[in-house]
Amino acid sequence: MAQISLTFPDGNAREYDAGVTPAEVAASISTSLGKKAISAQVNGRHWDLQWPIETDATIAINTMKDAEPALELIRHDLAHIMARAVQEIWPDVKVTIGPVIKDGWYYDFDRAEPFTPEDLAVIEKKMKEIINKREPVRTEVWDRARAIKHYEDNGEPYKVELIEAIPGDEPLRMYWHGDWQDLCRGPHLQHTGQVPADGFKLMSIAGAYWRGDSNRAMLQRIYGVAFQNKEDLRKHLNMLEEAAKRDHRRLGREMDLFHMQEEAPGQVFWHPNGWKIYTTLQDYMRRQQERGGYVEVNTPQVVDRKLWEASGHWDKYQENMFIVEVDEDHAREKAVNALKPMNCPCHVQVFNQGLKSYRDLPLRMAEFGSCARYEPSGALHGIMRVRGFTQDDGHIFCTEDQIESETARFIDFLSKIYSDLGFDDWTIKLSTRPEQRIGSDETWDEMERALGDACKAAGHEFEILEGEGAFYGPKLEFTLTDAIGRQWQCGTLQVDANLPERLDATFIGQDGAKHRPVMLHRATLGSFERFIGILIEEHAGKLPFWLAPRQVVVAAIVSDADDYVHEVVAALKAAGVRAEADVRNEKINYKVREHSLGKVPVILAVGMKEVEERTVSVRRLGEKQTSVQPLAAIVEELSAEATPPDLR
RNA sequence: GCUGCUGUAGCUCAGAGGUAGAGCACUCCCUUGGUAAGGGAGAGGUCGAGAGUUCAAUUCUCUCCAGCAGCACCA
């Protein structure tokens with residue numbers, strides 16, 4: 001038998017018979033490693049203990065101490081164990097797919113009856129039984145015809161379809177957990193007992209389309225989370241609870257920022273507190289846009305369908321537009337309008353007024369554009385995904401030569417804003433030409449190069465999303481990461497040579513002839529509604545002082561201090577701080593608790609001692625200790641903090 | 001839009017085929033209290049909307065609306 005040489009992480013190599021498995025290799029090193037082994041890295045690839053190695057390779061044996069492969073295997077095996085448990089309890093259930101996802105796994109089932117939350121406990125119990133059986137995991141490579149016949153005979157049509165979708169040259173692998181079999185590319189653990197029986201939990205049941213296609217069957221998906229041990233699981237569940245506490249819908253109510261109601265689904269009723277955040281942010285953005293060389297415009301909400309037909313939106317997005325029909329007495333037919341779902345066609349109309357010269361370019365046009373989109377009901381989510389929203393929209397009309405410099409300029413613009421708003425962790429993605437597109441390959445080459453080079457010029461790495469661009473041009477997406485690691489795509493920059501063409505935008509070039517400008521669609525925050533939602537969740541409601549809607553509450557400890565309370569409030573207001581008095585007939589404990597829950601960043605308590613000394617007792621949100629400061633000093637301090645970052 | 005779940009006082013939630021409950025919030029009274037809930041009294045609901053079954057429906061059934069989770073979608 002041929003010999004192969006396997007090199008271990010310490011650099012030592014050993015000879016084995018070709019076809020040796022990592023299980024055998026591990027056992028050859030020590031009995032205990034043989035038992036502890038869960039998988040291997042062979043030439044860097046995650047490798048099942050049972051897969052033969054046929055050539056010289058590097059090998060590392062994984063144990064539960066190797067967190068990454070361990071979690072991958074635990075979650076993957078749990079997917080199989082859960083599917084087995086479900087089929088043991090309900091033999092008529094058909095299995096489909098069950099991949100590993102962040103923190104856990106899911107498995108999609110086809111079953112006539114819906115699963116109930118009570119079923120989860122039953123399934124979990126069965127899973128624990130399976131784990132405790134410590135049954136071996138076994139694998140074999142099957143040929144295609146046999147596998148298809150097997151699944152046809154067993155009434156598993158989804159598996160047949162999966163096999164048919166696997167490329168012909170790929171081997172089909174079967175896995176058994178005990179007697180239960182599943183098609184799977186692996187790798188898996190040695191035996192079910194390696195799964196920590198107390199490290200997982202079934203979380204939820206939800207619908208999911210077969211193969212992600214909304215035209216196909218709706219399956220039932222069960223989600224689970226899994227970790228190496230009980231403690232890690234507990235931490236994860238704890239984290240979920242913390243995340244729920246910063247839900248902007250809950251904080252929006254607790255901080256009295258906004259509400260939504262049935263009569264206007266997907267639209268925000270901003271309360272005074274929330275609107276203060278909104279206008280503060282908008283004022284800030286307006287200053288930034290001025291700094292960035294934009295002119296601000298404002299365009300109509302209700303626009304005749306003719307414009308949407310000309311722009312191409314009517315064809316593509318009619319279903320998602322709010323249509324407004326106007327019946328006039330003497331008109332021959334109804335006028336059909338649509339609430340604007342985006343601002344770009346209107347901006348082209350502004351551009352088109354009067355002749356434009358090459359000297360006018362680049363022309364940077366911005367609008368806080370109120371848009372309305374009829375989003376599918378299931379897509380709505382608090383103020384994050386709404387039907388009525390305001391974009392911090394902008395369009396840069398420029399020549400092709402200017403794409404690169406304007407893009408670099410925008411990246412700088414956005415970078416300053418994200419930094420001011422406290423987001424330093426963000427990434428750029430470049431989406432390139434899709435299969436369906438207009439324009440020559442040369443044009444695409446040039447546009448994609450310009451975007452990529454602009455990122456480099458601005459000193460930013462970027463990731464490429466192949467084929468994800470719009471049909472009319474490539475785009476950049478700016479994704480920021482929040483305090484609990486979630487990612488939000490907010491900024492975008494899209495190159496578009498199509499719309500200027502459709503809406504006949506032109507400028508007079510140096511040569512005296514008419515030319516077509518290119519448009520760069522760009523947004524920094526995306527929408528105010530969504531961005532404010534992100535800010536609320538990022539800070540768990542404890543917004544930076546300058547953005548906090550209620551900055552200071554001055555609370556009287558005794559009613560004899562009321563006059564002084566009003567004096568302090570007046571002094572703060574005069575210094576540009578949002579301050580209010582609390583002279584209610586309540587104890588200071590009560591007031592502190594209430595305003596702390598309301599996320600007011602600073603509480604100034606005053607009693608007779610402060611009145612006499614002309615001081616205040618300062619308590620910052622989240623801190624237990626207080627400090628006594630002279631009135632003039634705290635006014636100066638808070639006034640400085642209330643200044644937006646760009647004005648400091 | 002699809003699957004499942006939910007809708008009772010401002011909020012969080014309990015309830016049962018026969019005239020609706022708690023805590024907090026709110027109003028008034030007592031209390032002037034030193035940094036996360038002082039005490040008492042009072043007011044507050046067409047039980048999401050409509051239809052059906054029933055002597056009787058907030059409760060059961062159906063339709064619609066809205067919300068939640070996930071999927072699909074996101075110019």
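Numbered from 1 within each chain, the chains take letters A, B, ... in sequence-line order.
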* Are any of Arg253(A)'s side-chain N or O atoms less than 4.0 Å away from OP1 or OP2 of U12(B)? -> yes

* Asn589(A) vs A36(B): side-chain N/O to OP1/OP2 distance below 4.0 Å -> yes

* Can you tell me, in whole Å, how much space there is between the C1' of A57(B) and that of A20(B)? => 14 Å

* Asked: Expressed in whole Å, how much space separates the P atoms belonging to U3(B) and C64(B)?
  -> 11 Å

Check whether the side chain of [X] and the base of [N] form a donor-acceptor pair under 3.5 Å.
X: Arg221(A); N: A69(B); value: no
X: Tyr209(A); N: G70(B); value: no
X: Arg385(A); N: C74(B); value: yes
X: Glu610(A); N: G34(B); value: yes

* Measure from the side chain of Tyr590(A), starting at C-beta and using heavy atoms only, and say which of G70(B), C26(B), A66(B) lies closest. => C26(B)

* Structure fact -> Looking only at A75(B), G7(B), C73(B), the nucleotide nearest the Glu262(A) side chain is G7(B)

Mate of [N] where both pairing distances stay under 3.5 Å, Watson-Crick or G-U:
N: U59(B); result: none
N: A16(B); result: none
N: A72(B); result: none
N: U6(B); result: A66(B)
N: A36(B); result: none

* Residue that, paired with Glu537(A), satisfies side chain to side chain donor-acceptor pair (under 3.5 Å) out of Arg486(A), Arg246(A), Arg249(A) -> Arg486(A)

* Decide if the gap between the ring center of His347(A) and the ring center of His521(A) is smaller than 6.0 angstrom. => no

* Asked: Do Arg387(A)'s NZ or CZ and the ring of Tyr374(A) fall within the cation-pi criteria of under 6.0 Å and 45°?
  -> yes

* Asked: Counting N and O atoms only, with roles assigned by atom type, does the side chain of His395(A) sit under 3.5 Å from a partner on the main chain of Val348(A), one being a donor and the other an acceptor?
  -> no

* Please round to the nearest 0.5 Å and tell me the distance separating atom CD of Gln267(A) and atom CD1 of Ile383(A). => 13.5 Å

